[in-house]
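Lettering follows sequence order; numbering is per chain, from 1.
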Number of protein chains: 2
Amino acid sequence: MDERVPRNFETLRTTILERRQSLPKRIAQIAAYALDNPDDIAFGTAASIAASAGVQPSTLIRFAQQFGFDGFTSLQLVFRERLRERNSSYDERLAALRAKAEEGAGHRAIFDGFVAAASTSLNDISGRLNEDHFEAAITLLAKAETIYVLAKRRSYPVASYIAYALGKLKIRNQLIESAAGLNAEMISFASSRDAVIAISFSPYAPATIEEARVISEQRVPIVAITDSSFSPLAQFAKVWFEVAEADFAGFRSLSATMALAMALTVAVGEKRRDTGGKGKA
Amino acid sequence: MDERVPRNFETLRTTILERRQSLPKRIAQIAAYALDNPDDIAFGTAASIAASAGVQPSTLIRFAQQFGFDGFTSLQLVFRERLRERNSSYDERLAALRAKAEEGAGHRAIFDGFVAAASTSLNDISGRLNEDHFEAAITLLAKAETIYVLAKRRSYPVASYIAYALGKLKIRNQLIESAAGLNAEMISFASSRDAVIAISFSPYAPATIEEARVISEQRVPIVAITDSSFSPLAQFAKVWFEVAEADFAGFRSLSATMALAMALTVAVGEKRRDTGGKGKA
DNA sequence: GGCAATATGAAATAATAATTCCAATCGATA
DNA sequence: TATCGATTGGAATTATTATTTCATATTGCC
């Protein structure tokens, strides 16, 4: 009999499929599990995998031996190698986009650069959102009578979209935008029954920070979206989110911030509907 | 001080980079190794990693503790999780996000939904951009003395970002935004030596359409970003782009539009620099 | 230059995990 | 249905690996 040890995942896979019919019941069970959950094999321990697959650890070892390995450990190496090698197509594509963009191949490259930056940012935030903070922010905002939205300059587009969406959801809101002197007055109306969404990224617009400070002194709770824990916004905020946006050509993406902002807004709208109407519960 | 344990790789990475300067020598050595060889951390044993990084295993554990983990094992989990996630292909991940979002599993699902919508839109536009149109638009805008930016409601955030970016690039521009009656007057100043970027999606804001009509009658060339060839904007435009944004919970993403807008803006800036300054060549 | 606090190395120990072993069960065959 | 060989479960054993400890070195500070 041909007693080659499958050195790579594909060979192993083929071998397993070939012999599938003639395998003992429990061994076949593991075989199926292994092909369905290769990541678990790569990371798990013999005991944990065996439990997930519904067999005994010893059976797992028999499975490995059946296919010419000398134990579970060497079988596992194949599954780990696979993970190392299989560089995700997504990241490759992104890297390619970025590379093309960076070598400056015309205007198309600029476009690719911005698409790549946006994708990267989204990808990033998707794994990074702190759910507790998210829930806390929603709860806080859902209770507010009026939601003030505070952002300048680069962050202003996000604020204006939040204001638009809040309006559509019939949630009372006030955009604090004007570069003129009306802000101070607007802010002075805010009370602890209201709430603020403040957005600012480095270099932080001084006006945003100052207004956030004033408003926090009025005991209005603040939800901040910013870019690091050292952000001056963070210290005034009840809840804050760290969003790392990738940049291109000196302009940072807004896609992650936008996605977070939209999610917050819609979630607040939903929560209000559930708890029956606006204002403090 | 807020001593959160970085639960995902990106957060950890950021934290490491932030503290890099203040870390003890050997710890820093491991930090560098970890960021350079994340796969090794994911798969190796404490001893093997320590050897590769040129330190003692105990130092590796101290490194983990320094960052809030209770030992090497829990640190390693972060590196493993990263591999797991990286490895699912882009489309798989998107599908998973969307599925989770659609089965309505709480607020987190809302967030996932918006991230998925944004990613989808970006993915879409990336393969779809017409390069000739793109070049034409850039040429047209680069020649303009003043670039007027025209958008309301949902599209307004994009317009405001364009205006911000144009400003940063020192390109004269005028945002036509006010809901009050000043727009007509503003528009009346525009001439054929200027240009317009107009953005509108169904349901098209009547004001945008009307203003586009008027301005096109003044022979001001228009670059439009809209959502279909039936868009009333398209008929007034010299060049127009079709952008299909995915939506979630009734709110469409803006990510593709944003990326296109940024690319246009920056490309125009670049073209102007190349052809020596602003205005008509 | 001396002292305290911090960092490091190396080995001992504790924990965890893989493997082996043996008894029990199952299944085919006569 | 009795029997043999193959298969399986579960605990015992062995191995590997993480963690702790403690002595030593280094650094920062007065």
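- Taking atom CG on L77(A) and atom P on dA18(C), their separation rounds to 12 Å, with Å as the unit.
- Comparing dT8(D), dG10(D), dA10(C) against the side chain of S58(B) picks out dA10(C) as the nearest.
- Comparing dT8(C), dG9(C), dT17(D) against the side chain of T45(B) picks out dT17(D) as the nearest.
- Between I49(A) atom CD1 and dA17(C) atom P the separation is 11 Å, expressed in whole Å.
- Taking the side chain of A46(B) as heavy atoms from C-beta on, and the options dG9(D), dA18(D), dA18(C), the nearest nucleotide is dA18(D).
- Ion pairing between R82(A) and D39(A) holds under the 4.0 Å rule for side-chain N and carboxylate O.
- Following rounding to the nearest Å, L23(B) (CG) and dA7(C) (P) show an atom-to-atom distance of 10 Å.
- Each of K25(B) and S74(B) has a nearest nucleotide on DNA chain D; the 5'-most of these lies closest to S74(B).
- Listed nucleotides dT19(D), dG10(D), dT8(C) differ in distance to F72(B); the shortest reach to its side chain belongs to dT19(D).
- Along DNA chain D, the nucleotide nearest to V55(A) and the one nearest to D70(B) differ in position, and the one closer to the 5' end is contacted by V55(A).
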For F79(A) and F9(A): C-alpha separation, side-chain torsions, deciding distance, then whether ring pair (Phe, Tyr, Trp, His ring centres under 6.0 Å) applies. CA-CA 6 Å; F79(A) 284 78; F9(A) 184 74; 5.3 Å; yes
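- Considering only side-chain atoms of Q65(B), the nucleotide from dT20(D), dT8(D), dT8(C) that sits closest is dT20(D).
- The aromatic rings of F251(A) and F114(A) sit tilted relative to each other, their planes meeting at an angle between 30° and 60°.
- Side-chain contact, R26(A) with Q29(A): a donor N or O sits under 3.5 Å from an acceptor N or O.
- The CG atom of L75(B) sits 18 Å away from the P atom of dT17(D) (whole-angstrom rounding).
- Residue contacts for L60(B): at a heavy-atom cut-off of 4.0 Å it reaches no nucleic acid atom on any strand shown.
- Two residues are said to be in side-chain contact when any heavy atoms from C-beta on lie closer than 4.5 Å; L12(A) and F69(A) meet this criterion.
- Look at CZ on R62(A): it is 13 Å from P on dT19(C), rounded to the nearest Å.
- Across dG9(D), dA18(C), dT8(C), the shortest atom-to-atom separation from the side chain of T73(A) is found for dA18(C).
- Distance from the side chain of Q56(B) is smallest for dG9(C) among the nucleotides dT8(C), dG9(C), dA18(D).
- Atom CD in Q76(A) sits roughly 15 Å away from atom P in dT16(D) (whole-Å rounding).
- What separates CZ of F69(A) from C1' of dT19(C) is a distance of 17 Å, to the nearest Å.
- Following rounding to the nearest Å, F63(B) (CZ) and dA7(C) (P) show an atom-to-atom distance of 15 Å.
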